[in-house]
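Beneath this line is the structure, given in structure tokens, with notes to follow.
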Amino acid sequence: MLEEKNNTKSNSTMMMMDEKRNRIQVSNTKRPLFFYLNLAKRYLKQHDEVELSALGMDGRTHLEEKIFFYYFDDYFQFQSTAAIPTVVIIAEILKRNEVATNQNVMISTVNSKDRNSGRFTRKARIEIVLGRMKNSDT
């Protein structure tokens, strides 16, 4: 009986690990956009589905959230302090190149502790679930 409980517990843990394995938490300060883009392509190839997740800025710094986005043929150049635009751009590139399709988009707010003041602030969060297109061989 005890062995059966442990086996069930480990199976549910493995399922949770499998679900989290194809999730990418995008940070705009740690890696460039094309790193996350290539990682998303790899995850789509392996799992047929990828979840892109990012946090935005707290409501106090609207000037820092401005996006400078230039479109020249197929090259994307932008600067932003919030990771949400990065996630949206990655999803749009994958859809435009017919690699993925939108399955789900979720937006919410989360509480986050400010490093400087120690107070809790609310941040926007976006989660975009993309599925691999049937005819895609990426």
Side-chain angles (χ1 to χ4, degrees):
M1 185 73 162
L2 182 61
E3 185 177 312
E4 186 177 311
K5 279 186 180 181
N6 287 338
N7 192 17
T8 306
K9 192 174 186 179
S10 66
N11 285 344
S12 64
T13 305
M14 291 299 284
M15 284 178 53
M16 287 174 53
M17 286 175 61
D18 284 342
E19 289 174 12
K20 291 181 181 183
R21 213 175 267 165
N22 59 342
R23 182 177 197 195
I24 300 172
Q25 293 181 326
V26 176
S27 168
N28 210 37
T29 57
K30 295 189 178 182
R31 306 271 184 172
L33 175 138
F34 289 105
F35 170 81
Y36 295 113
L37 180 64
N38 292 328
L39 187 61
K41 285 181 183 179
R42 189 178 326 143
Y43 280 16
L44 281 168
K45 195 175 197 178
Q46 292 174 353
H47 302 286
D48 292 334
E49 186 176 274
V50 65
E51 179 182 328
L52 301 169
S53 176
L55 290 177
M57 299 296 293
D58 56 18
R60 295 175 294 140
T61 54
H62 292 293
L63 292 176
E64 292 178 4
E65 285 187 275
K66 286 188 178 177
I67 303 167
F68 302 100
F69 181 77
Y70 304 98
Y71 175 74
F72 299 106
D73 294 324
D74 290 325
Y75 299 100
F76 292 86
Q77 298 176 348
F78 73 98
Q79 290 180 325
S80 171
T81 55
I84 290 176
T86 306
V87 166
V88 173
I89 290 168
I90 291 168
E92 289 300 318
I93 290 171
L94 292 171
K95 289 188 323 186
R96 182 172 152 228
N97 292 334
E98 298 180 351
V99 174
T101 58
N102 255 355
Q103 289 186 346
N104 196 4
V105 177
M106 297 170 283
I107 55 171
S108 60
T109 54
V110 294
N111 288 326
S112 178
K113 192 170 185 177
D114 190 309
R115 291 182 197 163
N116 299 330
S117 66
R119 287 191 270 168
F120 284 97
T121 59
R122 308 230 352 124
K123 289 188 176 189
R125 180 172 76 186
I126 189 168
E127 294 174 357
I128 300 176
V129 179
L130 299 171
R132 187 170 80 171
M133 289 189 93
K134 302 287 184 226
N135 60 357
S136 177
D137 51 337
T138 349

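The CD1 atom of I84 sits 10.0 Å away from the NZ atom of K123 when rounded to the nearest 0.5 Å. Atoms CE and OG, from M106 and S53 in turn, are 8.5 Å apart once rounded to the nearest 0.5 Å. Note: I90 CD1 to K41 NZ = 11.0 Å, rounded to the nearest 0.5 Å. The CD1 atom of I93 sits 5.5 Å away from atom CZ of F34, with the distance rounded to the nearest 0.5 Å. Here L94 contributes atom CG and I89 contributes atom CD1; the two are 12.0 Å apart, rounded to the nearest 0.5 Å. Atoms CD and CG, from E49 and N22 in turn, are 6.0 Å apart once rounded to the nearest 0.5 Å.
Nearest approach of E51 to V129, heavy atoms of both residues: CG-CG2, 4.1 Å. For the pair Q25 and Y36, the tightest heavy-atom approach, listed with the atom from each and the gap, is O-CE2, 4.0 Å. The heavy-atom pair separating D114 from N116 by the smallest distance is OD1-N, 2.8 Å.
Hydrophobic clustering (ILVMFWY, side-chain heavy atoms < 4.5 Å, transitive): Y43 and F35 are in one cluster. Tracing side-chain contacts under 4.5 Å through hydrophobic residues (I, L, V, M, F, W, Y), one reaches V105 starting from V88; they form part of the same cluster.
Within the 4.5 Å cutoff, no side-chain heavy atoms of R125 are placed close to those of I107.
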Next on the checklist: For E127 and R23: C-alpha separation, side-chain torsions, deciding distance, then whether side-chain contact (heavy atoms from CB on, under 4.5 Å) applies.
Outcome noted: CA-CA 9 Å; E127 294 174 357; R23 182 177 197 195; 3.1 Å; yes
Next on the checklist: Before you tell me yes or no, could you show the steps for L44 and Q46 under side-chain contact (heavy atoms from CB on, under 4.5 Å), namely the whole-Å CA-CA distance, both residues' side-chain angles and the distance that decides it to 0.1 Å?
Outcome noted: CA-CA 5 Å; L44 281 168; Q46 292 174 353; over 6 Å; no
Checklist entry - Under the side-chain contact (heavy atoms from CB on, under 4.5 Å) criterion, do L130 and L52 qualify, and how do the steps go? => result CA-CA 8 Å; L130 299 171; L52 301 169; 3.9 Å; yes
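Across I24, V87, V26, a single residue satisfies side-chain contact (heavy atoms from CB on, under 4.5 Å) together with I128, and that is V87.
Taking a cutoff of 4.0 Å between a charged side-chain nitrogen and a carboxylate oxygen, D48 and R132 qualify as a salt bridge. Between R96 and E98, no side-chain nitrogen of the basic residue sits less than 4.0 Å from a carboxylate oxygen of the acidic one, so the salt-bridge criterion is not met.
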